[in-house]
Each structure stands twice: as structure tokens, then as C-alpha cells.
Amino acid sequence: MPTLVIDNFNIVCATLGGFITLFGLVSYLLKERFYLSEALISLVAGLVFSPHATNLVRPAQYALGDPEVLETITLYFSRLVLGVQLVLAGVQLPSKYLKKEWKSLALLLGPGMTVMWLVTSLLIFALVPHISFLQALAVGACVTPTDPVLSNSIVKGKFADKNIPRELQKIIIAESGANDGLGYPFLFLPLYIIQHNFPGAAGEDHNVAKAIGSWFGETWGYTILLSIAYGAVVGWIAKELLHWAEERKYVDKESFLVFAIALALFIVGTMGMLGSDDVLACFIAGNTFTWDDWFRLETMDDSFQPTIDMLLNVSVFIWFGAVCPWAEFAHNSVVPIYRLVFLGILVLLLRRPPIVFAMHKHIPQIDEKRQALYVGFFGPIGVSAIFYLYITLEFLRKIEVDGEVRPDAKYLMEVTHIVVWFLVICSVIVHGLSIPMSKAGFWLPRTLSRAISSRREDSPEPFHVEMDPDTAQAPEPRLRLRPGANSTSASATTLPQQVHRIGRTAIRSDSSSTSEQPENSDVSAPINLPTTTLRFQEPSGKPSSLRRE
């Protein structure tokens with residue numbers, strides 16, 4: 001007898017497939033007409049499908065009710081998405097781009113990231129209670145890198161093609177790809193110091209020098225430099241192998257197109273086993289893989305890579321919408337909701353725009369102040385922040401005293417979890433709505449103005465001027481006389497006054513013009529004036545003036 005099998009697998013497949021199908025039916029309308037980000041739409045969908053609403057997507061059940069397992073799933077999902085996205089970002093850049101534009105990138109990745117880190121940490125230190133500046137540095141490091149996933153929605157599509165120069169798009173892609181992997185030094189410097197310096201803890205060495213040594217040796221040496229070298233070597237070997245296979249017609253079209261994505265999976269797996277920076281290695285490998293521009297030009301008109309990009313974006317933000325601690329924003333023991341709101345606003349306004357605006361004259365890709373403000377504002381916080389969040393939680397969980405997580409580390413874990421998630425949600429919402437709101441603010445006044453103008457053009461005689469010589473002898477009380485135009489003067493008795501009627505208002509002509517007539521002119525004869533120009537003053541109490549030409 002047939003029975004219903006309503007298990008998690010079937011529900012997830014139906015929910016995810018149904019949403020992507022419905023979204024695909026109106027995707028062009030939402031993305032290219034309304035300029036809505038697919039990340040924002042997917043995040044809202046994830047919230048709707050989460051246990052907070054319809055309970056179709058149940059992350060806690062998938063993790064068997066273990067919060068650490070759920071964190072691990074989210075971390076690995078973020079690693080996968082970032083790895084694929086960063087290889088594709090590296091492939092999008094022109095030949096030898098990192099070598100050619102190293103000066104601009106050095107400014108954005110050096111002083112730019114440092115100021116972003118310090119400003120964000122200062123805001124967190126000021127608004128989050130009972131937190132030291134060292135702990136604030138660790139939290140601020142999580143949201144310092146800009147997100148390549150959300151950056152793609154800004155530099156792609158009709159809006160980007162019309163409003164953002166190509167060179168500016170490229171520098172945004174390069175920066176968002178490189179700074180993800182370079183977030184490790186900013187994060188692990190405060191983490192190592194916290195680990196080795198806790199007053200009153202038994203067994204602690206209180207040795208800051210050891211923390212600095214670990215930071216240089218493990219973070220810069222093993223994590224950063226190794227990942228750069230590994231990514232460059234693997235990307236170069238992959239390029240040469242693909243050249244060799246393509247020249248001999250060994251590779252088919254499908255395998256050729258999926259080669260970059262397979263390369264991303266390989267680097268994520270191998271660098272993960274080495275315990276190094278797979279994110280930075282993927283970006284370096286992607287740029288090295290297309291160092292001669294061959295693969296980029298061959299796949300420029302193909303839609304396979306953008307399709308995979310879209311599927312990953314939608315999937316990861318649905319997952320984020322489902323696992324986000326929505327209820328904890330209002331009910332937690334570390335920071336009240338009103339402080340979180342102020343923190344989110346100030347971080348978006350002060351974290352990135354001031355430093356980019358200050359450096360824009362030294363970055364050739366940024367020609368105007370308006371572009372500097374745009375690049376400064378659109379530094380989104382997204383998947384990379386979640387990635388560093390769970391890297392931080394994994395590190396802090398290992399700081400133990402007598403078999404338990406140290407109290408300061410435990411408190412920092414809770415603060416980081418709440419603050420980073422809230423800043424990610426703020427960034428997705430604000431950056432997802434910024435373009436449609438700006439377009440609405442730009443087009444709405446123009447649309448109203450055009451509508452009013454079209455109505456005036458359709459109405460009969462919206463503006464007309466009439467000459468009425470019959471009013472010279474007995475002017476109507478409504479007429480205004482210019483100063484010095486006395487009706488009892490000789491000029492007024494020898495020459496008829498002319499009245500110009502504009503709509504329903506009658507304005508007398510300038511009396512000075514009458515003095516230009518010959519003394520023996522016939523007052524009964526009509527006066528032929530080729531043109532009459534009216535000059536109007538603003539309503540400041542002064543009368544209008546007339547000028548005849």
C-alpha cells in the first residue's frame with residue numbers, strides 16, 4: 001500500500017528545487033529590472049523555510065541536534081562556496097592582472113584593510129559591553145574582508161554594465177578575491193595574544209612574544225605564503241595540462257568548461273588537508289590558470305560557470321537564512337538590540353567609505369569622487385565573514401583551563417557569534433536594497449516631472465499672450481502699473497496703453513516704451529511690434545518688467 005515518505009531529504013529537495021524554479025521564472029525581472037540581489041532574495045527565502053517560519057528546512061535536525069556539528073557544516077559549506085567563487089573570480093581577470101595592478105591592490109589590501117579592521121574594532125569596542133579592545137580586534141577581523149559572492153552581484157548585470165567602468169569592475173573583483181585570504185593575519189594576531197595572555201589562568205605562559213612568533217611563523221609563513229605558492233604552482237600546472245590536452249583534442253567541451261570548478265574542489269580539499277589557507281590559494285590559482293588569457297577568452301561567452309555561480313549563491317544564502325540566530329539578536333546576554341542596530345549602521349558608514357575616499361586619487365581605476373564613494377560603500381560583508389566566524393569559534397573552543405573553555409574565550413565566542421551574524425544580515429539587506437532604492441529615488445522625480453509635462457502639453461493653450469488695445473482708456477483695477485508710469489502724464493494721454501494678457505492675469509506694458517514713439521504719431525493707427533519679450537522676476541515684491549525688441 002502506498003505511503004507518504006515525508007523525510008528531510010525529500011523536503012529539502014522539493015523546497016530547494018521549487019524555489020529555484022520559481023525564482024528562475026522571474027529572475028530577469030527581479031535582477032535586471034528591479035536590481036534586487038539574488039543573495040537578499042535567497043536569504044529571505046531561507047528565513048521563510050527555516051524553523052522560525054514554515055519549518056521546511058531544519059538545520060538542527062541535519063546536525064543531529066549538536067551545535068558544533070551544525071557549525072562545522074556551515075563552515076565547510078562556506079569553504080566550498082568561497083573556493084569555487086574565488087577560482088572563478090581569478091579566471092575573470094585579464095592576463096597578468098595581479099602583476100599589472102599590484103600598486104592599486106597594495107593600497108586596498110594594505111592601508112585599506114588595516115583601517116577597516118581598526119575602525120570596525122573601535123566601533124565594536126565602543127558599543128559592545130564588557131569587551132576588551134583585544135577581543136574587539138578579533139571580532140572586527142571577521143568582517144574586515146569584503147565578500148566575493150556579494151561583490152559579484154554588484155559588478156555583474158545591466159546596472160554594472162551601464163554605470164560601472166570595466167576597469168573599476170576588475171579592481172573590485174581582484175580586491176574582494178585577494179582580501180578574503182588575507183583576513184587570516186588580522187584575525188590570528190589577537191587570537192594568539194588572547195591564547196597566551198590571560199591573567200590569573202593556571203598554566204598560562206603570559207608570553208606575548210610567543211604569540212607574535214606563532215603569528216609570523218604559522219599565519220604568515222605556513223598559511224599565507226604557502227597558500228600563495230601552492231595556488232600559483234597548481235594553477236600553472238593545470239593551465240599547461242589543459243593546453244596540452246586541448247592541442248591533442250583529448251578533452252571534450254563539457255570537461256573543458258568544468259575544469260576550473262574541478263580545480264577549485266581539488267585545491268579546497270588538498271589545502272584543507274594541509275591546514276593552510278585554501279581561500280587565498282583558490283584565488284591565486286584561478287588568476288594563474290588564466291595568466292595568458294586563453295581560458296578566459298575561450299569561456300567568455302559560455303554560461304556554464306555563471307550558472308554554477310548562481311546555484312551556489314542561492315543555496316548558501318538559503319542555508320544562511322535558515323541557520324541564522326534571528327531570535328538571539330533581540331534576546332541575548334551580551335549586547336542589546338538597539339546597540340546592534342547602531343553598530344550595524346556605523347560599520348556600514350565608517351568601516352570602508354572614508355579610507356577608500358581618502359586613497360582614491362592614488363588608485364587609477366577610480367576616476368571620480370562619485371566612484372570612490374561607490375567603491376567605498378559597496379564593500380559587502382557576507383560568506384567570508386561567516387567563514388571567519390566559525391574559524392574563530394573553532395580556535396576559541398580549544399582554549400581550555402581544567403578541561404573547560406576559558407571564561408573569556410567563552411564570552412568572546414558568544415559576542416562574535418551575535419555580532420558577526422548581525423553585521424552579515426545588515427550588509428545583505430542594505431547592499432541588496434541600495435541599488436533599487438537609489439534607482440527609485442533617481443527615476444521617481446523624473447517620472448513625475450514627465451507625467452506633469454505631458455499633461456500640460458495635452459491641455460489646450462497652456463500659455464498664451466494677447467494684445468488688447470481697448471483697455472488703454474480705462475484700465476481695469478487688476479492691472480499693475482510699473483513705478484513711474486503715471487496714468488495722468490502726457491505720454492499716457494497721447495499713446496494708448498497696451499495690455500498683455502497671460503492666462504487670466506493682465507500685465508501692463510512698460511511705460512518707458514511709450515516714450516520711444518514719435519511725437520506726431522497717430523494714436524489711432526495700430527502699432528506693429530515684431531516681438532514682445534516678457535521678463536519675470538521671482539515673487540520678491542518687485543513688479544514684473546517688459547521688454548520690446
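At a threshold of 4.5 Å between non-hydrogen side-chain atoms, the residues L280 and M271 do not count as touching. Side-chain contact check for L242 versus W294: some heavy-atom pair is nearer than 4.5 Å. Counting heavy atoms from C-beta outward, L191 and T392 have side chains that approach closer than 4.5 Å. The closest side-chain heavy-atom distance from F387 to V81 is not below 4.5 Å. Between V57 and S50 there is no side-chain heavy-atom pair separated by less than 4.5 Å. At least one side-chain heavy atom of P51 sits less than 4.5 Å from a side-chain heavy atom of P59. Side-chain contact between F49 and N55 is absent, with no heavy-atom pair separated by less than 4.5 Å. Considering only heavy atoms from C-beta on, Y390 stays 4.5 Å or farther from E394 through its side chain.
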field: Residues L86, I284; criterion side chain to side chain contact (heavy atoms under 4.5 Å, CB included); working and verdict
entry: CA-CA 8 Å; L86 290 174; I284 298 297; over 6 Å; no
message: Evaluate V314 against I20 for side chain to side chain contact (heavy atoms under 4.5 Å, CB included), listing each step before the verdict.
response: CA-CA 8 Å; V314 171; I20 296 177; 4.0 Å; yes
- request: Quick one: do Q305 and L257 satisfy side chain to side chain contact (heavy atoms under 4.5 Å, CB included)? Show the steps, please.
  value: CA-CA 8 Å; Q305 293 179 5; L257 296 177; 5.8 Å; no
message: I'd like to know whether M300 forms a side chain to side chain contact (heavy atoms under 4.5 Å, CB included) with L297, so could you lay out the CA-CA distance, the side-chain angles of the two residues, the decisive distance to 0.1 Å, and finally the verdict.
response: CA-CA 5 Å; M300 181 178 295; L297 297 176; 3.6 Å; yes
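Nearest heavy atom pair, residue P94 against residue N287, reads O-ND2, 4.4 Å. For the residue pair A45 and F19, the shortest heavy atom distance occurs at CB-CE1, 3.4 Å. Among all heavy-atom pairs drawn from L182 and I224, the shortest one is CD2-CG2, 4.1 Å. Residues C142 and L187 share a closest heavy-atom pair of SG-CD1, 4.1 Å. Heavy atoms only, all atoms of each residue included: L393 and H417 are closest at CD1-CD2, 4.3 Å. Between V143 and A385, the shortest heavy-atom contact is CG1-CB, 4.2 Å.
Here the CG atom belonging to L340 is positioned 7.5 Å from the CD1 atom belonging to I418, to the nearest 0.5 angstrom. Atoms CD and CG, on Q85 and D147 in that order, are 8.5 Å from each other to the nearest 0.5 Å. Here the straight-line distance linking atom CG of L274 with atom OG1 of T223 works out to 11.0 Å at 0.5 Å rounding. Atom CG of D277 is separated from atom CG of L226 by 9.5 Å, given to the nearest 0.5 angstrom. Rounded to the nearest 0.5 angstrom, F317 CZ and I41 CD1 are separated by 12.0 Å. Here CZ of F422 is found 10.0 Å from CH2 of W326. Values are rounded to the nearest 0.5 Å.
No donor-acceptor distance shorter than 3.5 angstrom exists from the side chain of R351 to the backbone of V119, with no hydrogens or angles considered. A distance-only check finds a donor-acceptor pair linking the side chain of W215 to the backbone of P185 [under 3.5 Å]. No donor-acceptor distance shorter than 3.5 angstrom exists from the side chain of H52 to the backbone of P325, with no hydrogens or angles considered. Of the possible donor and acceptor atoms, none in the side chain of N179 sits under 3.5 Å from a partner among the backbone N and O of L109. A donor-acceptor contact shorter than 3.5 Å links the side chain of S176 to the backbone of I173. A side-chain donor-acceptor contact under 3.5 Å links H360 to the backbone of F357. The closest donor-acceptor contact from the side chain of S95 to the backbone of W291 lies under 3.5 Å. Using a distance-only test at 3.5 Å, with no hydrogens or angles considered, no donor-acceptor pair links the side chain of S104 to the main chain of I363. Within the 3.5 Å criterion, the main-chain N or O of G24 finds a donor-acceptor partner in the side chain of S27. Judged by distance alone, the side chain of T15 and the main-chain N or O of L56 form no donor-acceptor pair under 3.5 Å.
Between Y230 and T270, the side chains place a donor N or O and an acceptor N or O closer than 3.5 Å (distance only, hydrogens not considered). Donor-acceptor pairing under 3.5 Å is lacking for the side chains of Q371 and Q365. One side chain, S255 or D252, offers a donor N or O that lies under 3.5 Å from an acceptor on the other.
Aromatic pair W244/Y250: ring centres closer than 6.0 Å. With ring centers used as reference points, W421 lies under 6.0 Å from F320.
The only member of F395, Y184, F216, F186 that meets ring pair (Phe, Tyr, Trp, His ring centres under 6.0 Å) when paired with Y192 is F395.
Within 6.0 Å of CZ in F266 there are 12 or fewer heavy atoms belonging to other residues, nucleotides or ligands. At most 12 heavy atoms of other shown residues, nucleotides or ligands fall within 6.0 angstrom of atom OH in Y76.
Under the 30°/60° scheme for interplanar angles, the aromatic rings of F256 and F295 are found to be tilted. In this pair, F378 and Y374 present their aromatic rings tilted. The plane angle is within the 30 to 60° band.
Residues meeting the salt bridge (Lys or Arg N to Asp or Glu O under 4.0 Å) test with E71, sequence neighbours left out: R397.
Judged as a salt bridge (charged side-chain N to carboxylate O under 4.0 Å, His left out), the pairs with a partner in residues 281-294 (not counting sequence neighbours) are, in order, D293-R296. Residues in residues 170-190 take part in these salt bridge (charged side-chain N to carboxylate O under 4.0 Å, His left out) pairs, two or more places apart or across chains: E167-K170, E175-R352.
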